[in-house]
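Below: one structure, written as structure tokens.
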Amino acid sequence: MRRTKLTCVLLLGGAACTPEGIEGTVPSYDNDIQPMMAQYCVRCHNPEGTAPVSFTEPAVVEAYAEYMLARIDAGEMPPPVSDPDCRDYVGSEHLSLPADQRDLLAEWIDTGKVMGPGLTEPTESAVDLELPGADLEVYLPVPYDPVFDDPTNPENEYRCFALEHERAETFFVTGLGPLVDALPLVHHIVVFKDSVADIPEHDPALGWDCINDMDGLEIGMIAGWAPGALPVTFPEGTGYRVEPHERIVIQMHYYDGAPDRPELTDQSGYAFTTTDAVDMELFIYPYGRESFVIPAGEEDWAFTSRDYIPESIDLGDVEIPFPTTEVLGVFPHMHQLGRSYELTLEHADGTEECVARSDSWDFDNQLTYMFRDSVEMGPGDTVKWTCSWNNSLSNPDLIHNPPIDIGYGERTDEEMCWAFTLAGLVF
């Protein structure tokens, strides 16, 4: 840490003294800490964010500075994300705190938390918290009050709502952003498209029960939200096709895990940017398996699945080469016991390519990572997807205490291991 001295300026009525380092003035809130909060913290720590404390006001940052530093030093803040050294992605510069920024915060604390001339506006996030330029928004038709009355899935409720997009022509989704209403209730949102003919009869205000009932999701899914997720914009010239006869279906997963949860209703939705035509149509393909059981007491239990990309597709009368897939991004997903994940592409020529990796999973910080450079998967390649979990008493997020064997399932107290890839076909 730099040594400091006091520089005093003679003013009418006395002298004003400012600490100054040998290499210049010491850090101040206005010049150093406020930009740090905007860059790395207030995407979650804002008045409407998922974090319990907002860091948009100087006095709050001043009061929590030591606690903030302790959480950084413990590796808990900012929350863990996919390692950009595996594959870099859009926004990575906002999601991991460089060591020099940690040291700047420590120095600001040690030199008396100098505030500076004073800010007139609250800190705003450097990350877009809402989708820029949205031209289509869909919401649940009326506020929904979850009833949690399914005895086979206690504390969990899955409701699907078919929402009108009111477009008479084919269009393409080029970006999307969550519009989450009741954050304490919502475990996740899945957005997909479905033909009107395939949607079951239902009361639009109540939707329908859809746990374990999302057939054809591989070709119909267009978005997934979980805590921490941000708006996503796809590369220029790409998007998901939506037809006039299709509806945008939102699956809401509500979780009643907090005994002191206030009485809430929910009217969540999704925002989209759209266009009339694209050069490449996107789809979502999930990699993973449902055939695992995590033993009780295991602190670091891993499961790996492999998907081989065939050389060709047999269409009966003709066999065609399997097309190359261009992967533009990925949305990893696990639940509360998650510990780490890694998505690797094993090429047919024997080389390997890292696609996404994190040594520390955070259920409250689940992001879709749009790569700066896409990944090509071709015939003969293998997709390797590994998840690990902590199902022991050392996990502070343990739901079943004492631990029990946990298998695959959609409920919050069950587990998942998915890598939802956003991709297009290269012909």
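Numbering of residues begins at 1 and proceeds along the displayed sequence.
When Glu66, Glu62, Glu107 are each tested for a salt bridge (charged side-chain N to carboxylate O under 4.0 Å, His left out) with Lys113, only one passes: Glu66. Of the options Thr412, Asp145, Asp266, Asn156, a side-chain hydrogen bond (donor to acceptor under 3.5 Å, both in side chains) to Tyr254 is made by Asp266 and by none of the others. When each of Asp209, Val147, Leu140 is paired with Arg159, the side-chain contact (heavy atoms from CB on, under 4.5 Å) condition holds for Asp209 and for no other.
A 4.5 Å side-chain heavy-atom check between Thr123 and Pro58 finds every atom pair outside the cut-off. In this structure, Tyr270 and Pro178 have side chains that are in contact, with non-hydrogen atoms separated by less than 4.5 Å. Counting heavy atoms from C-beta on, the side chains of Tyr240 and Leu422 come closer than 4.5 Å. Residues Gln39 and His94 are in side-chain contact: their nearest non-hydrogen atoms beyond the backbone lie under 4.5 Å apart. Ile406 is not listed as a side-chain neighbour of Pro295, based on a closest heavy-atom distance of 4.5 Å or more. The side-chain heavy atoms of Thr174 and Thr233, taken from C-beta on, include no pair separated by under 4.5 Å.
There is a side-chain donor-acceptor pair under 3.5 Å between Thr274 and Asp135.
Checked for salt-bridge contact, Asp307 and Arg289 meet the test: a charged N lies under 4.0 Å from a carboxylate O. Between Asp73 and Arg102 there is a salt bridge, with a side-chain nitrogen of the basic residue lying less than 4.0 Å from a carboxylate oxygen of the acidic one. At a threshold of 4.0 Å, the pair Arg167-Glu169 does not count as salt-bridged, since none of the basic side-chain nitrogens sits closer than that to a carboxylate oxygen. Between Glu352 and Lys384 there is no salt bridge, since no side-chain nitrogen of the basic residue lies less than 4.0 Å from a carboxylate oxygen of the acidic one.
The aromatic rings of Tyr64 and Phe55 sit tilted relative to each other, their planes meeting at an angle between 30° and 60°. Using cut-offs of 30° and 60° for the angle between ring planes, the Tyr408 and Trp418 rings count as perpendicular. Ring geometry for Tyr255 versus His253: interplanar angle over 60°, hence perpendicular rather than tilted (30 to 60°). Trp108 and Tyr29 have tilted rings, their planes meeting at an angle from 30° to 60° on a 0 to 90° scale.
No side-chain donor-acceptor contact under 3.5 Å links Asp359 to the backbone of Ser340. For the pair Asp381 (side chain) and Gly378 (backbone), a donor-acceptor distance under 3.5 Å is present. Between the side chain of Glu415 and the backbone N or O of His335, at least one donor-acceptor pair lies under 3.5 Å. Checked by atom type and distance alone, the side chain of Asn391 pairs as donor or acceptor with a backbone atom of Ile294 at under 3.5 Å. Although no hydrogens or angles enter the test, the distance criterion places no donor-acceptor pair under 3.5 Å between the side chain of Glu76 and the main chain of Arg71. Between the side chain of Ser82 and the backbone N or O of Ser358 there is no donor-acceptor pair closer than 3.5 Å. At distances below 3.5 Å, not a single donor-acceptor pair connects side-chain atoms of Trp361 with backbone N or O atoms of Cys387. Side-chain N or O atoms of Tyr369 include none that pairs as donor or acceptor with a backbone N or O of Asp88 at under 3.5 Å. A donor-acceptor pair under 3.5 Å links the side-chain atoms of Arg87 to the main chain of Asp373, judged by distance alone. No donor-acceptor pair closer than 3.5 Å links the side chain of Gln101 to the backbone N or O of Pro98.
Taking the six-membered ring for Trp and the full ring otherwise, the centers of Trp385 and Tyr341 sit less than 6.0 Å from each other. Between Phe272 and His165, the distance from one ring center to the other does not fall under 6.0 angstrom. Two rings, from Tyr287 and Tyr285, have their centers less than 6.0 Å apart.
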Under the salt bridge (Lys or Arg N to Asp or Glu O under 4.0 Å) criterion, do Arg241 and Glu281 qualify, and how do the steps go? CA-CA 7 Å; Arg241 175 189 292 266; Glu281 291 188 30; 2.6 Å; yes
